Amino acid sequence: MSSLHLSKPPDSHHRMLLYKEAGIRGAWKQWFICSLLSLLHGVISETTRALDIMAKYPLIDGHNDLALRLRIIYNNKLSRINMHNIPHVATDINRLTAGHVGGQVFAAYVLCTAQDKDAVRLTLEQIDVIRRVCTENPELELVTTAEGMRKSTKITCLIGVEGGHSIDSSLPALRMFYQLGVRSMALTHTCNTPWAESSSSFYSFYQRKSNSLTEFGKAVVNEMNRLGMLVDLSHSSWETARAVLNHSTAPVIFSHSSAYAICNNTRNVPDDLLLRLKENGGLIMVNFYRSFVACSNTTNVSVVADHFDHIKHVIGTESIGIGADFDGAQGQVRDDMQYTLPSEVEIPFLEANNSCRVILTNPVRVDSSYRNGKASLMPARAIAWFIILLVQLL
C-alpha cells in the first residue's frame, strides 16, 4: 500500500498573503481585459465611423496612374486583363470598391521623351485605354461633369492629361482632348514645354530664362478657362504656378502635391503659394508618394496626416481635397465665357522650333525640264523661305 504524503496546511497569515496576491492578479487581469476591450471598441467605432462617412460621402481621388501601368505592363491589351484583379498594379475594381472610391481621375500620361515627336498620338492612345476601361466595365462610368458624378451610382471616371507636352503647343489639340472627355491638364510634367516651366530639371527641353509662363502659355490658360478644363499645377515650377495664379480667372488645382514645409521637395507647395491658392479658390490634393511625403524611402500614415494638418493650419479645410466640383456650380468662369470664341493664338515658330515642326507652304511645281534632268533655278519665293528657315535654325 503506497503511503500518502500530506503537506502541512498553511497558517492563517500565509492564507491572507495568498488571497491578497490572488486579488492583485485578478484585478490586474480585469483591468487589462477592460482596457483591451475599450481599445478594440474605439478602433471598431472609428473604423465604423470612417466607413459610414465614406459611404455617405464617397472618396474622389484626384490622380491615378493606372493607365500608364496598363501600357508598360500589358501594352494596353485590355482583353488580357481582369480589371477586377490586376497583378503588379495598385488599382483595380475590387480595390476601388473596397476603398469606397466614388470618383477616380485617371491620368493620360506619356513620357517627356515623346515631346516634339509623337506625344499627341501616344496621349490619344492613353485617353482611349481610359475610356475603354471606364465604358467596358459595368461598375464604372465615364463622366465629364459634376452633375454626372452626383447622379451616378457607379464608380465614376474622369480623365486628366498629365503634361502640357501632350498638346504639342496646339490649342486645337487641347480642344480636341476636351471633346474626348479630358477635364484637367497639368501644364508640365518633368520637362519644360516651350511655354511653361517644370519643377524638375531632369530633362533639358527648352531651358531658358523667363520661361515660367510665356504669352502662349497664358493663351493655354485662357482657353482652358473658357472650356471649363481645370489647370493642374502639380509638376509646375513655383514661378509658373505663381504666374498662373496671377493670370487664371478660374480656380486651379494641385492634383497630387503635398506641403513643402513638411517635406522640402520642390514638387510640393510652399506656404506663400498655398495662400495664393486659397485666394484663387482652388484645391491642393495631398500626394501619398513617400518621396514627396517624407523626403525619404520610408514613411507612414502619420506623416501623411502631418501634411493635412499643416495645410489645414495655413489655409483651412475648404482648400484641401482630392477632387473638385468641375463645372456643376452656377456662375463659373466657363459660363461667363460661353460666348467667347475659341482662341486662334499660335505659338511663334521660333519658340517651339524642332525637327518635327514644319512651315506649311504650297508645294513647288516640278516642271518638265527638271524631269528631263535639266533643273531650272529655284524660284525666288522658295529661296526666301529657305533663308528664313535657315536663319531660324541658326
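Computed from a prediction, not measured in an experiment: that's the story for all the values here. Side chains included, hydrogens not; waters and symmetry mates left out as well; all remaining heavy atoms used. Position 1 is the first residue of the sequence, and the numbers go up from there.
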_Pro251 and Leu283, any side-chain heavy atoms less than 4.5 Å apart_ = no
_Test item: Thr156 side-chain N/O and Gly102 main-chain N/O as donor-acceptor pair under 3.5 Å_ = yes
*To the nearest 0.5 Å, tell me how far Leu273 CG sits from Lys278 NZ.*
15.0 Å
_Same cluster or not: Leu59 versus Tyr289, using hydrophobic residues (I, L, V, M, F, W, Y) connected whenever any side-chain heavy atoms lie under 4.5 Å apart?_
no
*So, the side chain of Asn85 versus the backbone of Asn94: is there a donor-acceptor pair under 3.5 Å, distance only?*
no
_side chain to side chain contact (heavy atoms under 4.5 Å, CB included) assessment of Thr113 paired with Tyr203_ = CA-CA 9 Å; Thr113 49; Tyr203 291 101; 3.8 Å; yes
*asked:* As an exercise, state the distance from NE2 of His189 to OG of Ser236, rounded to the nearest 0.5 Å.
replied: 10.5 Å
*Looking only at side chains, do Arg290 and Ser296 share a donor and an acceptor under 3.5 Å apart?*
no
*Roughly how far apart are Met224 CE and Leu171 CG, rounded to 0.5 Å?*
11.0 Å
*Return yes when atom CD of Glu136 has more than 12 non-hydrogen atoms of other residues, nucleotides or ligands closer than 6.0 Å, and no otherwise.*
yes
*Should His88 and Tyr74 be marked as a side chain to side chain contact (heavy atoms under 4.5 Å, CB included) after you check the CA-CA gap, both sets of side-chain angles, and the distance that decides it?*
CA-CA 10 Å; His88 314 300; Tyr74 301 102; 4.0 Å; yes
*Gap between atom CE of Met229 and atom CZ of Arg175 - 0.5 Å precision*: 10.5 Å
*Can you hop from Ile284 to Phe288 via hydrophobic side chains spaced under 4.5 Å?*
yes
*Do the side chain of Ser212 and the main chain of Thr240 share a donor and acceptor less than 3.5 angstrom apart?*
no
*Does some side-chain heavy atom of His63 sit less than 4.5 Å from a side-chain heavy atom of Phe106?*
no
*So, Thr97 side chain and Ile93 main chain: donor-acceptor pair closer than 3.5 Å or not?*
yes
*Side-chain donor/acceptor of Gln104 to backbone N/O of Ile155, under 3.5 Å*: no
*Given side chains that start at C-beta, do those of Ser166 and Phe177 come closer than 4.5 Å, heavy atoms only?*
yes
*Do Val345 and Val244 share a hydrophobic cluster (ILVMFWY, side-chain heavy atoms under 4.5 Å, transitive)?*
yes
*Just wondering, do Ser169 and Thr193 contact through their side chains at under 4.5 Å, heavy atoms?*
no
*For the residue pair His313 and His310, categorise the inter-ring angle as parallel (less than 30°), tilted (30 to 60°) or perpendicular (more than 60°).*
tilted
_SB check Lys312 Asp309 (cutoff 4.0 Å)_ = no
*Glu197 versus Ser237, side-chain donor and acceptor atoms under 3.5 Å*: yes
*Specify the closest pair of heavy atoms between Arg267 and Ser257, including all atoms of both residues, with the distance to one decimal.*
NH1-OG, 3.0 Å
_Side-chain H-bond candidate by donor/acceptor type, Thr190 with Ser198, under 3.5 Å_ = no
_Polar contact flag, side-chain donor to acceptor under 3.5 angstrom, Tyr206-Asp116_ = yes
*When you check the gap from the basic side-chain N to the acidic O, do Arg276 and Glu279 get nearer than 4.0 Å?*
yes
*Please walk me through it: do Arg226 and Glu223 pass salt bridge (Lys or Arg N to Asp or Glu O under 4.0 Å)?*
CA-CA 5 Å; Arg226 187 190 70 83; Glu223 190 67 357; 2.9 Å; yes
_Counting only heavy atoms from other residues, nucleotides and ligands, does the tally under 6.0 Å from CD of Glu344 exceed 12?_
no
*asked:* Measuring from atom CD1 of Ile311 to atom OG of Ser258, what distance do you get when rounded to the nearest 0.5 angstrom?
replied: 6.5 Å
*Which heavy-atom pair separates Pro194 from Ile347 by the least distance, and what is that distance?*
CB-CD1, 3.7 Å
_Shortest non-hydrogen separation from Phe205 to Cys191 and the atoms involved_ = CD1-CB, 3.7 Å
*Taking the side chain as every heavy atom from C-beta outward, state whether Leu158 and Met149 have any pair of such atoms under 4.5 Å apart.*
yes
*asked:* Is the shortest side-chain heavy-atom distance between Leu66 and Met83 below 4.5 Å?
replied: yes
_I need the minimum non-hydrogen distance between Arg95 and Ile86, along with the two atoms involved._
NH2-O, 3.3 Å
*Does Ile262 belong to the same Ile/Leu/Val/Met/Phe/Trp/Tyr cluster as Val314, with side-chain heavy atoms less than 4.5 Å apart forming each link?*
no
*With a 4.5 Å heavy-atom cut-off, do Leu70 and Val133 have their side chains touching?*
yes
*asked:* When you group the ILVMFWY residues by side-chain heavy-atom contacts below 4.5 Å and let the links chain together, are Leu180 and Val110 in the same group?
replied: no
*Heavy-atom closest pair, residues Asn192 and Gln115*: O-NE2, 3.1 Å
*Do Leu233 and Leu245 pass the side chain to side chain contact (heavy atoms under 4.5 Å, CB included) test, and can you show the C-alpha distance, the side-chain angles, and the key distance before you say yes or no?*
CA-CA 9 Å; Leu233 296 177; Leu245 285 165; 4.3 Å; yes
*Evaluate the side-chain proximity of Leu187 to Trp195: yes if any heavy-atom separation is below 4.5 Å, no if none is.*
yes
*Working for side chain to side chain contact (heavy atoms under 4.5 Å, CB included), residues Arg80 and Asn75*: CA-CA 10 Å; Arg80 304 175 185 175; Asn75 197 29; over 6 Å; no
_I'd like to know if the side chain of Lys154 reaches the main chain of Pro138, judged simply by a donor and an acceptor atom lying under 3.5 Å from each other, with no hydrogens or angles considered._
yes
*Under the 3.5 angstrom rule, does the side chain of Asp61 hit a backbone N or O of Val105 as a donor-acceptor pair?*
no
*asked:* Please find the pair of heavy atoms, one from Cys157 and one from Leu140, that lie closest to each other, and give the distance.
replied: SG-CB, 3.9 Å
*asked:* Within the 3.5 Å criterion, strictly below it, is a donor on His256 or Asp232 matched to an acceptor on the partner's side chain?
replied: no
_What's the separation between atom NE2 in His307 and atom CG in Asn268, rounded to the nearest 0.5 Å?_
6.0 Å
